[in-house]
2 protein chains.
Amino acid sequence: MKPEIIPNISVDCVIFGFDNATKSLNVLLIERVLKLENTQNAVVNDYVLKGFHTYENETIDETANRVLKELTGLDNLYKKQFNVFGDPNRLKNEKDVIWAQSEHFSDRTITIAYYILLPTDVVQTKSKFNPQWFPVNQLPQLGFDHKKIIAEAYADLKEDALSKPIVFELLADKFTIKDLQDAYETILGVEIDNRNFRRKLITKKYIIALDEKQVGVSKKPSQLYMFSKDVYQKIYKESYLINI
Amino acid sequence: MKPEIIPNISVDCVIFGFDNATKSLNVLLIERVLKLENTQNAVVNDYVLKGFHTYENETIDETANRVLKELTGLDNLYKKQFNVFGDPNRLKNEKDVIWAQSEHFSDRTITIAYYILLPTDVVQTKSKFNPQWFPVNQLPQLGFDHKKIIAEAYADLKEDALSKPIVFELLADKFTIKDLQDAYETILGVEIDNRNFRRKLITKKYIIALDEKQVGVSKKPSQLYMFSKDVYQKIYKESYLINI
DNA sequence: ATATAAAATGTTATAAATACGTTTAATTAA
DNA sequence: TTAATTAAACGTATTTATAACATTTTATAT
C-alpha cells in the first residue's frame with residue numbers, strides 16, 4: 001500500500017553543482033510544462049526546483065533524500081535545510097494554482113527548503129525528469145517562489161562557505177589547490193591571492209597531499225589533494241574565538 | 001470571522017532569557033496540565049515550549065510573532081528560525097496523543113522552531129499562561145520532543161554567538177563590558193581573559209561608550225555602553241575571510 | 001583620611017593575515 | 001637535444017590580531 005502524501009507540506013531542493021571545467025556555479029532545474037487537452041499551447045511552461053510533498057510516514061530529511069535519489073540516483077549528498085517558505089500567497093498566482101490543481105496538492109503548501117552541494121558531473125542529466133543546469137546568475141523563468149528560494153539558498157551558501165568545510169562537497173574527491181581556489185572565487189565572487197590562499201590551505205592537516213598528480217595536462221601537472229572529514233572532525237576544537 | 005488553524009503545521013518558540021543578576025541563561029516554559037473530568041489526577045503534567053498552530057492566512061514568521069506577543073506582550077524580538085521538526089513519531093507517545101486530541105490538532109504535526117533572545121526581566125511572567133524561567137541546564141520534565149528542540153536551539157545559539165552580534169539581544173540597552181563578558185562566558189561555558197576581551201570589544205566602533213555610569217553600586221561604578229546596529233551594518237564589510 | 005573592591009589599563013611574545021615577485025618543472029615546439 | 005612555454009609552487013617583509021600575564025585607578029564606605 002502506497003503511503004499518502006501530506007497535501008500541504010513539501011520539500012524543495014536547490015541543487016548547486018560546481019562545474020570545474022567552466023568554473024561555474026550552477027543550479028539544477030526541471031521543466032514545468034502543462035498543456036491543455038485540446039491544444040498544443042502550454043498554459044504553464046517554465047522551470048522549477050525539484051521537490052515533492054512529504055509522505056505521512058516520512059521525516060522531512062527522508063523526503064529530501066527521496067527526492068534527491070529520484071532525480072540524481074545519488075545518496076548521501078551534502079544537504080542543508082536552510083529555510084521554510086510559508087507565505088499563504090506563495091502559490092497563489094494563476095499558473096501555480098493551475099499546477100497545484102493538476103497535481104492534487106494544496107495551494108496553501110508550506111515548503112521546507114534544502115540546498116545540496118555536488119560537482120555537476122556526478123549527475124546523470126538524462127533521467128526521466130530531464131534536469132538542466134543553469135548558472136546561478138543566469139536563471140530562466142522560474143515557477144512558484146523558486147527564484148526567491150534560490151536567492152536565499154545562495155546567500156546562505158556564501159555565508160557557510162566562509163566558516164565550514166563545505167566547498168569540498170562541490171569538487172571531485174581529488175582536487176588541486178587551484179580547483180579549490182576557483183571554487184571559492186566563484187562562490188564568493190571575489191579574487192583571492194593565490195600565494196596566501198595556497199599557504200593557508202596546505203597547512204591544514206585535513207587537506208592531504210596525495211601521491212598523485214594531474215594527468216592529461218599540457219603543462220606542469222599539479223599536485224592532487226583530498227579532504228579528510230575524519231581528520232577535520234578530530235582536530236576541530238571548538239575554538240571559542242569571538243569574531244563579531 | 002476567525003481564521004482557521006492549519007491542523008498539521010505549528011511553530012514552537014525557544015525563548016532564551018539571560019538573567020544578568022544571577023548570570024543564568026534561562027528558557028521560558030509553560031505548564032501543560034490535563035485533568036480527567038471526574039478526578040483531580042492529572043494525566044498530563046509537565047512543561048512545554050510556547051507554540052501554536054499556523055493560521056490559514058499567516059506566514060510562519062507571523063505565527064511566531066503572534067505567539068510571542070501573546071505570551072510576553074512584546075513585539076520586534078530577535079528571533080531565528082533554526083530548524084524544522086517533522087519526525088512522524090514526534091507526537092506519538094501517549095501523553096502527547098491525549099494532548100493533541102484534547103486540543104484538536106493532528107499528531108502528525110510538523111513544527112517550525114524558532115529561538116528568541118531577550119533579557120529575562122522584560123517578560124511579565126504574571127500572564128495568563130503563567131510562564132516560568134528554567135536554567136537551560138536544569139530543565140524540568142518536558143512534553144513532546146521539546147527537550148530535543150531546546151538542545152538544538154542552544155547548540156545553534158552557541159555557534160551564532162561567535163560570529164554574529166546577537167549576545168547584545170540578551171542584555172539591556174545599556175550594559176557594561178563585564179555584563180557582556182559574563183553573557184559570553186555563560187552561553188559558551190568558557191572563561192575569557194577580561195583584559196583581552198575588554199580591549200577587543202571596546203575597539204569595535206559599534207560598541208559605543210555612553211556619558212553614563214552604573215548607579216547604585218557600592219564600589220567603583222563601571223562605564224555603560226550601547227550596541228549600535230546601524231553602525232554595525234554600515235561597517236560590516238563582507239570580509240570574505242575564509243576560516244575553516 | 002584610609003580601606004575596600006571592582007574597574008580599567010599595559011607589555012611582550014607568538015601567530016596569522018596581507019601584499020608583493022621569483023623560481024620550478026613538465027610539456028611542446030624547434 | 002635543446003629551448004620555449006606556461007602554470008605550479010614557493011619566500012619574505014610588514015602589519016594586524018591573539019594570548020598570556022600583573023598593576024594601577026577610582027568611587028564608595030568606614
Side-chain angles (χ1 to χ4, degrees), chain A residues 20-23 161-163 165 171-172 174-185 188 190-226 235-244, chain B residues 20-23 161-163 165 171-172 174-185 188 190-226 235-244:
Chain A
N20 198 38
T22 62
K23 309 299 180 191
L162 293 175
S163 61
L171 300 175
K174 300 173 181 181
F175 55 84
T176 70
I177 300 295
K178 182 70 164 36
D179 292 338
L180 189 58
Q181 182 176 339
D182 286 340
Y184 273 105
E185 289 186 336
L188 301 175
V190 291
E191 296 215 324
I192 303 172
D193 182 280
N194 71 320
R195 292 155 293 191
N196 294 334
F197 181 85
R198 175 177 295 274
R199 184 189 12 257
K200 179 170 185 164
L201 274 289
I202 60 179
T203 54
K204 305 284 183 194
K205 292 191 200 71
Y206 49 82
I207 295 180
I208 299 167
L210 301 170
D211 280 335
E212 213 173 331
K213 301 200 163 185
Q214 267 187 327
V215 289
V217 289
S218 71
K219 288 285 140 22
K220 180 178 175 180
S222 59
Q223 174 69 50
L224 291 173
Y225 292 83
M226 60 169 282
I235 69 175
Y236 181 73
K237 47 153 209 266
E238 319 215 356
S239 67
Y240 295 120
L241 180 56
I242 297 162
N243 192 12
I244 59 171
Chain B
N20 197 38
T22 62
K23 308 300 179 189
L162 293 175
S163 61
L171 300 175
K174 301 172 181 182
F175 54 85
T176 70
I177 300 295
K178 181 70 163 37
D179 292 339
L180 189 58
Q181 182 176 340
D182 287 340
Y184 273 106
E185 288 186 336
L188 300 174
V190 292
E191 295 214 326
I192 303 172
D193 182 281
N194 72 320
R195 292 155 294 190
N196 294 334
F197 181 83
R198 175 177 294 274
R199 181 185 19 253
K200 180 169 184 166
L201 275 289
I202 60 178
T203 55
K204 304 286 182 192
K205 292 190 201 71
Y206 48 82
I207 295 179
I208 299 167
L210 301 170
D211 279 335
E212 211 173 331
K213 302 201 164 186
Q214 267 186 326
V215 290
V217 289
S218 72
K219 287 288 142 17
K220 180 178 176 179
S222 58
Q223 173 70 50
L224 291 173
Y225 292 83
M226 61 169 283
I235 68 174
Y236 181 73
K237 50 153 208 266
E238 319 215 355
S239 67
Y240 295 120
L241 180 56
I242 297 162
N243 190 12
I244 60 170

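A note on names: the letters A, B, ... follow the listed sequences, proteins ahead of strands, and every chain is numbered from 1. The basis for the numbers below is simple: all heavy atoms, side chains too, and nothing from hydrogens, waters or symmetry mates.
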Nearest-neighbour nucleotide for the A/Arg199 side chain, C/dT18, D/dA27, D/dA8 considered
C/dT18
Go nucleotide by nucleotide along DNA chain C from the 5' end; which of A/Asp193 and A/Pro221 gets its closest nucleotide reached first?
A/Asp193
Could you work out which one of D/dC10, C/dT18, D/dC21 sits closest to the side chain of B/Arg195?
D/dC21
Distance-only, no hydrogens or angles: does the B/Lys178 side chain make a donor-acceptor pair with backbone N or O of B/Ser222 under 3.5 Å?
no
Interatomic distance, A/Glu212 CD vs C/dA26 C1' [rounded to whole Å]:
17 Å
Per A/Lys200 side chain, nearest of listed nucleotides C/dA17, D/dT28, D/dG11:
C/dA17
What integer distance in Å separates B/Ile192:CD1 from D/dA19:C1'?
13 Å
Tell me the interatomic distance from A/Leu224, atom CG, to D/dA8, atom C1', rounded to whole angstroms.
12 Å
Of all the heavy-atom pairs spanning A/Asp193 and A/Gln181, show the shortest one and how long it is.
C-NE2, 4.2 Å
Taking all non-hydrogen atoms of both residues into account, name the closest pair between B/Ala183 and B/Leu171 and its distance.
CB-CD2, 4.2 Å
5' priority, DNA chain C, between A/Lys213 and B/Ile242 [closest heavy atom]
B/Ile242
Polar side-chain atom of A/Lys204 near backbone of B/Ile244 as donor-acceptor pair, under 3.5 Å:
yes
Could you check which of C/dA26, C/dT9, D/dC10 has an atom nearest any side-chain atom of A/Asn194?
D/dC10
The nucleotide from D/dA9, C/dT9, C/dA19 with an atom nearest the side chain of A/Ser222 is D/dA9
Are the side chain of B/Gln223 and the backbone N or O of B/Leu210 linked by a donor-acceptor pair below 3.5 Å?
yes
How close or far is atom P of C/dA6 from atom NZ of B/Lys23, stated in whole angstroms?
13 Å
Counting only side-chain heavy atoms from C-beta out, which of D/dA27, D/dG11, C/dT27 sits nearest to B/Lys220?
D/dA27
Value in whole Å for how far the P atom of C/dT18 lies from CG of A/Leu201
13 Å
Return the nearest nucleotide to the side chain of A/Lys219; candidates are D/dT12, D/dA9, D/dT5.
D/dT5
Side chain of B/Arg198, heavy atoms from C-beta onward: which of D/dC10, C/dA8, C/dT28 has the nearest atom to it?
C/dA8
Whole Å only: how far is the CG atom of A/Asn196 from the C1' atom of C/dA15?
15 Å
Roughly how many Å is it from CG in A/Asp182 to C1' in D/dA7, rounded to a whole number?
12 Å
Rounding to an integer number of Å, can you tell me how far B/Phe197 CZ sits from D/dA20 P?
16 Å
